[in-house]
Amino acid sequence: QEAKASQSIARAMADGSLDAEVVIVGGGIAGLATAVALQRAGVAPGGRGILVLERHPELRATGTAMTVFPNGWFALRALGVAHKLTSRYDVIEKSRVTNLETGTTQVFRFAGNKVRSDEVRMRAVDRKALLDALADELPPGMVRFSSKLVSIDAIPATSGSSEATVLRLEDGAVIRAKILIGCDGVHSVVARWLGLSEPLRSGRSTIRGLSVYPSGHGLKQEIRQYLSNGIRAGLLPISNTGIYWYLVNNTIPQEKVASADPVKILREVTENLGAHLPAEYLDVVRNTDLRNLSWAPLLYRNPWGVLTGKAARGTVTVAGDAFHPMTPEMAQGGCSALEDAVVLARALSQAATPSEGLAAYVAKRRGRATWLVAVAYVSGWVQQGGTNVHAAVGWVVRLFRDWIFFRFVFPRLADTMWYNCGDLVPCKNHTE
């Protein structure tokens, strides 16, 4: 079988294929950030030799908004794009949590915001704006659209050539890459090829939407969250005219039917799941742009799989959700992907060979990624009041959540996001 595979690869190469120093699969936040980082670190000066494969016909933001904690801003500053976004979005100073069952409201401030640089304080940004800011740093033609990866084959190093990877696309194209970086999301083809464990269902799902008010919405720049039995909902202004909203529910059968129809999703929120939520929240939901409405299960990779799984093989690795998919309760999916990009580019620029660089990157990221995945999952489970648990257990979890978690634990967890992944300094290009 190996001989047949080698012959098949040889025929494809003889028929004509595209060669690239670095191929990045996925044109989302992780993929574009990695391309920018490789340029800035000197791994591929000016983007020469980098190819980004995006399966959609254009850049496409999954979700509507993204909360960027300081660690994300540190990474964006290293990538040279933070200044494009900080002036457009206001700082988030506090979060207001209301328990609808007891009527109590707790308010906490993000303590680090009081003493740190304004540039890296927490903000909510439009995902599409972030993608555009990253894409503007890349030369025309680097992103190849409508390019869906279907298979991967490895070519071992020989006396006359270095180790490489052959990629086959759905349109029949064949690409030979010296370095392959999978940034292709939760259901990553590259992660599956490496042998990483499949993502797991958390038992929770989330509905996300964006409401637009051309004349302004008038809400304060703060996070508002509402809790009830098995439901967690929130509002977050991302600008004077846009409000990001979400609703997290324990997964229910209706999702399979409604998730493909924005009208049904909206009806499910306003007439069923969220019918008991405050009028202020429901008014925002009813004003939703249906083009920015989604309902999907929350997935994550087992933290043990992140810590011990094979996240690099030779000159192939993964980043972002392809490496460490996590639930959104700590708002670290996008931020950690930005960190990955910086650390990966720096590791490649400093290593003697690509394989050594990728191994160093994985070793550096494993521990933090595992921590973020575990903390996000547990935080979400607690905030939800326990997911699909016995009534008595749920009561204890909610008691802990209301009296201890939101008062003491969550603010401290949020302030640990002042992690700085470091800068990028151009080094010798080791992909040649």
Side-chain angles (χ1 to χ4, degrees), residues 1-2 5-6 9 20-26 28 30-31 33-34 37-38 43 53 149-158 162-168 175-201 299-327 332-333 336-337 339-377 421 430-431:
Q1 290 182 345
E2 291 183 1
S6 298
I9 294 172
E21 295 289 331
V22 181
V23 171
I24 299 169
V25 183
T34 299
L38 293 174
V43 175
L53 303 178
L149 176 65
V150 294
S151 69
I152 305 170
D153 291 294
I155 302 178
T158 65
S162 59
E163 185 177 3
T165 307
V166 173
L167 313 177
R168 296 176 183 274
I175 302 172
R176 173 172 169 156
K178 290 185 179 179
I179 299 174
L180 173 62
I181 304 170
C183 299
D184 46 339
V186 175
H187 302 291
S188 168
V189 175
V190 182
R192 191 172 296 117
W193 183 81
L194 285 170
L196 286 172
S197 60
E198 289 295 315
L200 304 174
R201 289 180 177 264
L299 307 179
Y300 71 105
R301 178 159 284 131
N302 187 308
W304 183 250
V306 177
L307 184 64
T308 64
K310 197 172 185 63
R313 184 197 305 179
T315 58
V316 180
T317 193
V318 283
D321 284 344
F323 184 3
H324 42 69
M326 62 187 74
T327 56
Q332 284 300 300
S336 60
E339 290 180 13
D340 286 347
V342 174
V343 176
L344 173 53
R346 187 168 56 235
L348 278 173
S349 71
Q350 296 174 351
T353 66
S355 58
E356 290 179 9
L358 298 188
Y361 151 73
V362 170
K364 177 72 173 178
R365 294 299 294 164
R366 274 194 196 281
R368 178 164 172 79
T370 301
W371 157 259
L372 291 175
V373 172
V375 167
Y377 176 81
C421 61
H430 293 285
T431 64

In Å and rounded to the nearest 0.5 Å, what is the CG to CE distance from Leu372 to Met326? 5.0 Å
Pair Leu344-Leu348, side chain to side chain contact (heavy atoms under 4.5 Å, CB included): steps then yes or no: CA-CA 6 Å; Leu344 173 53; Leu348 278 173; 4.2 Å; yes
Rounded distance (nearest 0.5 Å) linking atom NE2 of His324 with atom CD of Gln332: 10.0 Å
Does Leu38 reach the side chain of Ile181, with side-chain heavy atoms less than 4.5 Å apart? yes
Ignoring hydrogens, what is the shortest heavy-atom contact between Ala347 and Ala360? Give both atom names and the distance. CB-CB, 4.4 Å
Residues two or more places apart in sequence or in another chain: which of them pass side-chain hydrogen bond (donor to acceptor under 3.5 Å, both in side chains) with Thr327? Glu329
Set of ring-ring contact (aromatic ring centres under 6.0 Å, His included) partners for Tyr377, sequence neighbours left out: Tyr300
Any residue meeting side-chain hydrogen bond (donor to acceptor under 3.5 Å, both in side chains) with Arg192, in chain and number order, not counting sequence neighbours: Glu198
Looking at Gly320 and Ala30, what are the two nearest heavy atoms and their distance? CA-CB, 4.1 Å
Pairs flagged by side-chain hydrogen bond (donor to acceptor under 3.5 Å, both in side chains) wherever residues 302-320 is involved - sequence neighbours left out: none
Residue pair Leu180, Ile152: steps toward the side chain to side chain contact (heavy atoms under 4.5 Å, CB included) verdict: CA-CA 10 Å; Leu180 173 62; Ile152 305 170; 4.1 Å; yes
Salt bridge (Lys or Arg N to Asp or Glu O under 4.0 Å) pairs, two or more places apart, involving residues 349-366: Glu339-Arg365, Asp340-Arg365
Once side-chain contact (heavy atoms from CB on, under 4.5 Å) is applied, do any residues pair with Val186, and if so which ones, sequence neighbours excluded? Pro199, Leu299, Asp321, Pro325
Are the side chains of Leu196 and Arg301 in touch, meaning some heavy atoms are under 4.5 Å apart? yes
Please report the shortest heavy-atom distance between Ala191 and Val318, naming the atom on each side. N-CG1, 3.8 Å
Got a second to check how far Asp153's CG is from Trp193's CH2, nearest 0.5 Å? 8.5 Å
Grab the two heavy atoms, one from Arg176 and one from Ala164, that are nearest each other, plus how far apart they are. NE-CB, 3.8 Å
To the nearest 0.5 Å, what is the distance between OG1 (Thr165) and CD1 (Ile155)? 7.5 Å
Contacts of Ser355 that satisfy side-chain hydrogen bond (donor to acceptor under 3.5 Å, both in side chains) - sequence neighbours left out: Thr353
What heavy-atom pair brings Val343 and Cys421 nearest, and what distance separates the two atoms? CG2-CB, 4.3 Å
To the nearest 0.5 Å, what is the distance between CD1 (Ile175) and CG (Leu167)? 6.0 Å
Note: Gly31 and Ile24 closest approach over all heavy atoms is CA-CG2, 3.7 Å
Results of side-chain contact (heavy atoms from CB on, under 4.5 Å) for Ala37 - residues two or more places apart only: Leu79, Ala341, Ala345, Leu424
In short, side-chain hydrogen bond (donor to acceptor under 3.5 Å, both in side chains) pairs touching residues 180-190 with sequence neighbours left out are Asp184-Ser188
